[in-house]
Amino acid sequence: MAMIGFIGLGNMGGPMARNLLKAGHKLRAFDVVKANLDAVVSAGAVAAKNAADAAKGCEIVVTMLPAGEHVRSVYTGEGGVIAAADKGSLLIDSSTIDVESARAVAAAADKAGFAMLDAPVSGGVAGAEGATLTFMVGGPDAAFQRGLPILQAMGKNIVHAGAAGNGQAAKICNNMILGVAMIAVSEGFLLAEKLGLEAQKLFDIASKSSGQCWAMTSYCPAPGPVPTSPANRGYKAGFTTAMMLKDLTLAQRAAAAAGVATPMGALAQSLQSLNAASGQADLDFSSIFKMLRGTK
Ligand code: NAD
């Protein structure tokens with residue numbers, strides 16, 4: 001069992017840290033919000049005073065922070081993890097951040113002699129609680145093999161996507177596909193409604209035809225056909241519009257930096273930005289159907 005430093009104990013990091021404790025690991029935990037730290041300390045972690053204090057004396061350091069700027073500051077800022085961690089520690093960042101920050105922090109870690117993995121997740125809070133997350137991992141093979149048992153205590157599907165930053169690349173490409181698909185499915189169901197074709201009938205046909213996709217069959221944005229989809233509980237998230245907008249924006253930044261045209265991704269980002277501004281930022285991202293339909 002390992003001694004692990006865990007930094008960032010919010011909606012995702014809190015339950016992930018608790019699953020490491022359940023698996024028998026020892027944790028030094030830190031969060032800037034005391035209530036979030038207290039919740040993990042009451043599950044058995046030792047409270048650290050700051051990020052550096054959480055990293056000291058640990059074989060592995062895991063971070064689960066909001067965005068690239070937090071990750072850069074926690075690892076490379078003054079009193080950061082890279083300056084404080086024990087020699088030979090493995091660093092794992094599971095936050096969803098921009099590819100550029102992930103690669104910059106991994107390079108700084110490498111320069112200081114640390115192996116680092118970017119290991120963003122999908123599966124949401126339910127996946128974090130149930131230890132069923134999917135991890136998309138970038139970094140050297142030896143580091144991946146070393147981190148695997150730790151990630152397995154928090155998730156179910158762990159995929160090595162290649163070199164540093166490739167975990168983040170996989171995450172934003174997947175979510176850009178989903179973001180575009182959700183809008184396409186919404187438009188299809190909306191047009192059907194206006195043409196007098198019932199949502200259930202379109203579902204019965206399209207879910208067995210070439211229009212079939214996850215956004216339709218598992219998460220249908222039109223109320224009715226998929227009982228478990230957010231559309232049947234007033235679009236309560238799920239995966240919020242704000243979170244989808246964050247990932248679509250990361251995808252657009254990456255596309256601009258790489259000089260790749262992703263016009264459908266750009267339109268999805270713009271439409272979800274409108275959806276958020278119309279007051280639906282905290283609803284599920286499939287509420288885009290409601291916005292396009294023009295109903296409250
Ligand atoms: P959150 O805001 O609930 O948690 C982030 C935590 O980091 C907070 O507790 C905050 O206090 C802490 N924090 C911020 N700066 C810090 C610092 N300098 N030092 C220590 N702690 C600090 O966010 P979340 O929902 O847990 O998401 C975390 C990451 O996971 C994000 O990058 C998000 O995009 C990604 N993600 C979230 C979900 C989801 O459904 N919530 C799903 C997949 C991926």
Side-chain angles (χ1 to χ4, degrees), residues 5-19 27-41 45 47-55 61-84 91-99 101-102 105 118-137 151 154-157 167-168 170-176 178-179 219 230 236-251 253-254 272 276 281-286:
F6 204 116
I7 302 161
L9 307 161
N11 294 325
M12 297 292 288
M16 287 163 71
R18 280 193 287 278
N19 283 329
L27 244 63
R28 291 181 65 77
F30 177 67
D31 195 291
V32 287
V33 174
K34 192 176 175 299
N36 292 356
L37 176 58
D38 289 348
V40 172
V41 167
K49 290 193 286 288
N50 48 44
D53 188 37
V61 179
V62 182
T63 47
M64 194 53 170
L65 298 160
E69 74 240 43
H70 307 94
V71 173
R72 282 182 188 257
S73 118
V74 162
Y75 279 97
T76 59
E78 206 178 313
V81 167
I82 289 177
L91 313 178
I92 304 176
D93 178 45
S94 279
S95 329
T96 299
I97 66 168
D98 56 292
V99 175
S101 292
V105 174
D118 52 291
V121 301
S122 78
V125 174
E129 279 166 357
T132 57
L133 292 168
T134 292
F135 283 89
M136 300 151 243
V137 189
L151 301 178
M154 301 183 282
K156 217 160 129 191
N157 304 310
Q168 299 294 351
K171 167 90 187 171
I172 57 170
C173 291
N174 177 72
N175 281 15
M176 186 176 77
L178 170 63
Y219 219 79
K236 187 171 175 287
F239 188 60
T240 62
T241 299
M243 289 262 182
M244 176 51 88
L245 181 56
K246 173 190 168 183
D247 292 357
L248 288 169
T249 304
L250 287 175
R253 282 197 201 132
Q272 286 294 8
D282 295 330
L283 291 185
D284 190 81
F285 77 107
S286 59

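Whatever order the structure lists them in is the order used to number ligands and atoms, beginning at 1. Model, not experiment: these values are computed from the prediction.
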Rounded to the nearest 0.5 Å, how far does CD of Glu69 lie from CZ of Arg72?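 CD of Glu69 is found 10.0 Å from CZ of Arg72.
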Give yes or no for whether the N/O distance cutoff of 3.5 Å, strictly under, is met between [X] and ligand 1.
| X | result |
| --- | --- |
| Ser95 | no |
| Ser94 | no |
| Met12 | yes |
| Val74 | no |
| Asn36 | yes |
| Thr96 | yes |
| Asp247 | no |

Which ligand 1 atoms, with their elements, are less than 4.0 angstrom from a heavy-atom of [X]?
| X | result |
| --- | --- |
| Lys246 | 31 (C), 32 (O), 33 (C), 34 (O) |
| Ile7 | 20 (C) |
| Phe30 | 19 (N), 20 (C) |
| Leu65 | 7 (O), 13 (N), 16 (C), 21 (N), 22 (C), 28 (C), 29 (C), 31 (C), 32 (O) |
| Met243 | 25 (O), 37 (C), 39 (C), 41 (N) |

Applying side chain to side chain contact (heavy atoms under 4.5 Å, CB included), run through Ser101 and Val71 and close with a yes or a no. CA-CA 8 Å; Ser101 292; Val71 173; 6.0 Å; no
Without swapping roles, check the side chain of [X] against the backbone of [Y] for a donor-acceptor pair under 3.5 Å.
| X | Y | answer |
| --- | --- | --- |
| Asp247 | Asn175 | no |
| Gln272 | Thr241 | no |
| Ser94 | Ala119 | yes |
| Asp284 | Thr240 | no |
| Lys171 | Val121 | yes |

Decide whether Asp93 and Tyr75 meet the rule of one side-chain donor and one side-chain acceptor closer than 3.5 Å. no
Below 4.0 Å from any atom of ligand 1, is there a heavy atom belonging to Pro66?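 Within the 4.0 Å threshold, so yes.
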Heavy atoms only: give me the nearest Leu37-Ala48 pair and the separation to one decimal.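 Looking at all heavy atoms of both residues, the closest pair is CD2-O, 4.1 Å.
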Testing the basics here: between Ala52 and Gly80, what is the closest heavy-atom pair and its distance to 0.1 Å?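 Nearest pair, atom of Ala52 first, then Gly80: CB-O, 4.4 Å.
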Using a 4.0 Å heavy-atom threshold (strictly under), name the region of Met16 that reaches ligand 1: side chain, backbone, both or neither. neither
Nearest protein heavy atom under 4.0 Å from atom 34 (O) of ligand 1, yes or no: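 Given the 4.0 Å cut-off, atom 34 (O) of ligand 1 counts as touching protein heavy atoms.
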Checking a contact table here: which protein heavy atom is nearest atom 15 (N) of ligand 1, and how many Å away?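 Residue, atom and distance for the closest contact: His70 CD2, 3.8 Å.
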